[in-house]
Structure formats: structure tokens, C-alpha cells
Amino acid sequence: MTTSMKDVIALSKRRGFIFQSSEIYGGLNGFWDYGPLGVELKRNLKNAWWRDMVSSHNELVCAEGAPQEFAMTGIDASIVMHPQVWKCSGHYDLFFDYMVDCRESKKRYRHDQVRGRWVEAKGRRIFVTTVAEADDEAEAVLRRALKFFNVRASHAEELKWIGGFQSLADAGDPASVLGPDASEVGTLTEPREFNLMFKTNVGALSADDNTAYLRPETAQGIFVNFKNVLNSLRIRIPFGIAQIGKSFRNEITPRNYTFRSREFEQMEIEFFCHPGESEMWYRYWRDRRVQWYRDLGLSSGKLRLREHAREELSHYSNGTADIEYAFPFLPEGEFGELEGIAHRGDFDLRSHMEGKLAPGTRPLQLEVDEHGKPKYRGSGKDLSYRDEITGEKFIPHVIEPSAGADRAALAFLCDAFHQDQAPDDSGKMEPRIVLRLHPRLAPVKAAILPLVKKGGMPEIARKIYAALKKQCNVFYDEKDSIGRRYRRQDEIGTPYCITIDSDTLSDGTVTLRDRDSLQQRRIPVERCDEELQRLLT
Ligand code: GAP
């Protein structure tokens, strides 16, 4: 059975993974809150990333597939940074999407998200548009065309559709376009640039000279701290600096649940290396990062690595690959970005030294104003690196694996969602929802369940619970029949259930139930801790 986004969203809300932000006030588009289980899932994901990329990395040996040994470290930079950072990074004048406004409905849309179809009826030909999700766009356009031409649904054959869906940009003839919420044609404006950075003011006064921005990426906090890290740790290149933190983008039309949010978390690494070795490191990080998702259980058939074509590359990039996942809200065969791995060359360090570089120049040149002066001045600080052993001085190249924690959490949630059959208390097979989350990601690692609320079983169960709780997030439940309790745990992805029954009282063993195989085996009470640790790693 294919996973539907509606089922995932319903489960998320019902069991406390994700809620709409400020829901009691009607919500705020593009903002989401993680509930009691969601916060555990997302934290487990971020911890897995930090542990696998940073804290468990052994810089003394050459990691599998790596060109040589390398070091990894981390920082936690502030969200609001000096405004000059964003001028030099290119975000101030290049970080925009195209929007169109509707003069009639006063609504604003992202230009590339408005799609539609040409249709003819009653001697008129118009382009009917919508911003509905892929699954709903055909119905939305039909409904709007019927209304526009005043045709009943039972006479839908009066509408003559010309060609399939196409983007607004490809439609041509703006005068014939029926905007997504308009009742007349020709109400959409020409596309205009819309900068995605959220503005704020530093200090009590609101004036142009204290305008600051909420960071749209965590990466710049790493670049501006490059020298600080280098000097404080005295590490040699190649090395990586990692950071996890919030980023903010004023997306014109946030959509697809948490996939495109206005506030989200990134997990980014800036890996600094010798320019002559950067291609090797680019390939290493690209392959290593895709393997990370596989190791945590994302289905291979839904995961792919896609190299960008030349014309798709960002202004700074010498090569980029996206790790993509076939999210259920996308049409069959389409994929959405989970993470980008970019070869950024020396763009960032040089921009923060010299001033903003001109996009498109090769090799990169300083962007100058009409007086020949730097358009945006850099820090003037020397961000080059001198190798103590070889004496060589150079500006390091950067490879950047940049992942989204919310997108990854959503992909793992969608991928884990399954509907199958499991026996109820009487052994009859009944449909069940099960989240097959990797044990490292599962919000609850084990449920401790006394079979009945008497006969000394709850007392033993509470002791086991107290001992395991010191190691990991376990859950105690004595309400309802055992079958219903298993079902509740399956639905939130708990990989193991430990049941205390009458045999426990006589032989000191408990049953350990596996969520996926449904197999149950007996283990001694005193081995619960050790066995769980073994299964969870
Ligand atoms: N420093 C490079 C950078 O920020 P990006 O492709 O714009 O690159 C990296 O963002 C990752 O951040 C994306 O692959 C995605 O996982 C996540 N991301 C970006 N915009 C997002 C949004 N509006 N909502 C949720 N996640 C987002």
C-alpha cells in the first residue's frame, strides 16, 4: 500500500509528532511545532548526525573512502550576525525568488509554483491556474474553469482542454491568465524579485542603519569563525566545522507540510581542504552523506543522488549534488531535496576577506560599483591558511554538505509509515499502523508493560522501567489490553516491548517483542538493560 501524505499528517497530529504553530489562533503558515514524540525524533536525528559526523569521528585513522585522515569539530554561532556578512555572502542581493501579485485578490504567489492549463469554451480561450499540490491541481483547475465559464459539472465536456499542465512562465499572454484566486483574467502582475531574508532591528530604534537579518543558512557562521577555530584548535587542513541550528527564510508560499517552512533547522558542515584536493573531497562527502541516510534505513528505491547540471549551479558552486527523496506529496517519479553537497571553491572565504565576488566570473572577480570600488566591502582580515609543514599559503576550498533536519525528519517519518496486519489479543489478524523507524531514531526505545495490573507484575515492571530509564527513553504503560498497548507502541515506532507476565514471577524472565518481525523471546530480567543497549546501537 502506498503511503499517503494525509495518513502521515493525521498520525503526526494524533500521536504528537508535529503540530501547526499557534494552532489555537488559526496557525501561522510556514511555522511548525514538534510535539512530545516529534521533539524526540528530531533530537535523535540531530544527535545521530552530530555523533556520526563529529563526536565519534577518529582523526587518527583514514575513514573508509576518504582520501586521507581529517579532523572534525563544531560551533554554535548566533542567529543574528553583522549585516555585512549577508552582503558579502550574496544573500543581500541574490537570495530571492520571483513572485507575482494578483491585483484582484491581493494575494502573492511564488512565480514558479503557479501552474495551469489552457482551456477553451464558449468561444474564449484562457489559461486557468492554481497553486494546489500536485495531487489536487487537476481537480482545482477543473472547478475553476467550470465556474469561470458558468458551466455545470454535468456538462464538463463543454470545456476543451488544450495540452497538459504547464508553468505560468511558459504560458505566455498574461491577459488570458486566470490567477489562482481571481474571478477575472489578466490580474497577475509581472514577476518581481522578493528577498527571502527576514529583517529585524538590533536595539531599541528602528532605522535603516540597525537593520539586521535572521540567518537564512547556518553556513556563514562557520565561515566568519574559520580563523577563530583554526587558531584556537591549531588543527591542520583538511578539517570540517559542523553546526546545527535554526535558519529562517520568508518563503513566499510555504507548502508540503514541513518540507518548505519559514523557520527550520539545518545541519551543515563546511569542510576546508587544499584546492588541489577539493574534487576528491567533494566525491567523498557526496557518497558518504548518501550512505548516512541509507544506514539509518531510508528505502534505497526512494532515495537518489542527483548531480546538478552546469546551468543549475548556484553562483558560488563548482559542483553540486542533491540527495533527494520521493516524498509522498510529490507526483510519481518526482523527488524533493533532502540535502545539497556543494563544492563552493574559495568563494566564501575570499568574499569575507576581499568583498563580495561577482557571480558568473571565472576566476571569481571582486564585484565593483560605478567608482570601481568594492560593491560590498569584506572584513579585510586575512582568511588564508599557511601549512606549518610545507610552508604553503593558500585560501582553502570548501565542500559543504548541507542538510535540513526538518526535511530529514519528514522523510524518515514518511518512509517509516506502514500499514500491515498483526494479531490482536485473540490471535485474529487486524490491520495496524506501524512506524518502522530505525531504533536510533525512534522516539521511545522500549515500552515496559505488565501483562495485568496485579500479582506483583506492576512492581517488577516499575523496577525494570526505573533501571532502563537511566539509559534511554522508555515508556511505562499498564492501561488497556496488551494487544492495544502493543498497537499504540507500533504506531509511534517503538522498536521493542518488554512484557512482564506470570512466568516472570516464577522464572525471572520477560518477553522481548520485536516491532517489525513481531517475534517474542524470553530473556532474564537482569539482562534487559544489556540486551536493549545491544539492540539499539
Ligand atoms: N548553505 C547552503 C544552503 O543553505 P540550501 O540548499 O538552500 O543550501 C540546505 O539548504 C538544506 O536546508 C536543504 O537541502 C533543505 O534540507 C533545508 N532547507 C532549505 N530551505 C528549507 C525550507 N524552507 N524549509 C525546510 N528546509 C529547508
Side-chain angles (χ1 to χ4, degrees), residues 18 21 28-32 34 42 45-46 49 75 77 79 81 85-86 88-91 94-97 110 112-113 194-198 213-224 240-271 282 285-286 289-290 292-293 298 303-306 308 312-325 327 329 335-345 347-349 351-352 398-414:
I18 300 171
S21 162
L28 187 60
N29 202 5
F31 297 90
W32 298 94
Y34 286 80
K42 195 167 152 195
L45 180 83
K46 290 185 287 179
W49 184 87
I75 62 161
I79 286 172
M81 301 169 69
V85 168
W86 307 111
C88 290
S89 69
H91 287 85
L94 293 172
F95 194 56
F96 57 80
D97 277 335
R110 214 174 101 172
D112 61 351
Q113 285 173 351
F194 175 78
N195 194 293
L196 300 180
M197 283 199 293
F198 275 101
Y213 303 90
L214 303 189
R215 68 180 175 201
E217 62 170 23
T218 57
Q220 299 303 322
I222 300 181
F223 295 125
V224 300
I241 306 178
Q243 174 166 222
I244 298 179
K246 290 264 184 176
S247 293
F248 301 81
R249 296 183 189 177
N250 199 3
E251 300 283 354
I252 300 169
T253 39
R255 62 198 312 192
N256 293 330
Y257 204 28
T258 58
F259 182 83
R260 190 171 301 287
S261 310
R262 289 179 165 139
E263 174 178 340
F264 55 96
E265 263 181 294
Q266 290 186 308
M267 310 186 289
E268 297 200 290
I269 296 172
E270 306 303 326
F271 188 81
Y282 169 65
W285 278 107
R286 193 192 56 185
R289 288 301 306 149
V290 80
W292 186 78
Y293 292 98
L298 269 201
L303 193 67
R304 76 171 188 193
L305 184 72
R306 189 179 64 83
H308 282 209
E312 247 188 296
L313 296 179
S314 332
H315 58 277
Y316 51 73
S317 185
N318 294 326
T320 298
D322 283 345
I323 299 173
E324 300 179 328
Y325 179 74
F327 285 96
F329 52 75
F335 290 75
E337 179 186 330
L338 271 184
E339 169 163 351
I341 298 98
H343 183 316
R344 297 175 72 122
F347 175 85
D348 303 277
L349 291 179
S351 294
H352 287 305
V398 170
I399 309 302
E400 178 196 65
S402 170
D406 305 85
R407 279 199 194 166
L410 183 59
F412 282 110
L413 206 53
C414 294

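Atoms considered below: every heavy atom in the structure, side chains included; atoms not considered: hydrogens, waters and symmetry mates. Atoms within a ligand are numbered from 1 in the order they appear, just like the ligands themselves. One-based numbering along the sequence shown.
Near Glu268, the atoms of ligand 1 lying under 4.0 angstrom from a non-hydrogen atom of the residue are 1 (N), 2 (C), 3 (C), 4 (O). The Arg344 neighbourhood of ligand 1 comprises atoms 1 (N), 2 (C), with distances under 4.0 Å to a heavy atom of that residue. For ligand 1 and Glu339, the ligand atoms under 4.0 Å from any heavy atom of the residue are 14 (O). In the vicinity of Glu400, heavy-atom distances shorter than 4.0 Å reach the ligand 1 atoms 1 (N), 2 (C). In summary, the atoms of ligand 1 found under 4.0 Å from a heavy atom of Glu251, numbered by their order in the structure, are 23 (N). Listed by number with element, the atoms of ligand 1 under 4.0 Å from a non-hydrogen atom of Ala219 are 1 (N). Proximity to Ser261 (heavy-atom distance under 4.0 Å) selects the following atoms of ligand 1: 22 (C), 23 (N), 24 (N), 25 (C). The distance from ligand 1 to the heavy atoms of Leu338 drops below 4.0 Å at these ligand atoms: 14 (O), 16 (O).
With respect to the salt-bridge test (charged N to carboxylate O, under 4.0 angstrom), the residues Arg344 and Glu400 qualify. Under a 4.0 Å N-O distance rule, the pair Glu265/Lys246 does not qualify as a salt bridge.
A heavy-atom separation below 4.0 Å is not found between Asp406 and ligand 1. Contact annotation: Arg215 has no heavy atom less than 4.0 Å from any atom of ligand 1.
Annotation: Phe264 places no N or O atom under 3.5 Å from an N or O atom of ligand 1; distance criterion only.
Arg289 forms a cation-pi arrangement with Trp292, by the criterion of a distance under 6.0 Å to the ring centre and an angle within 45° of the ring axis. At least one test fails for Arg262 against the ring of Phe198: distance under 6.0 Å to the centre or angle within 45° of the axis.
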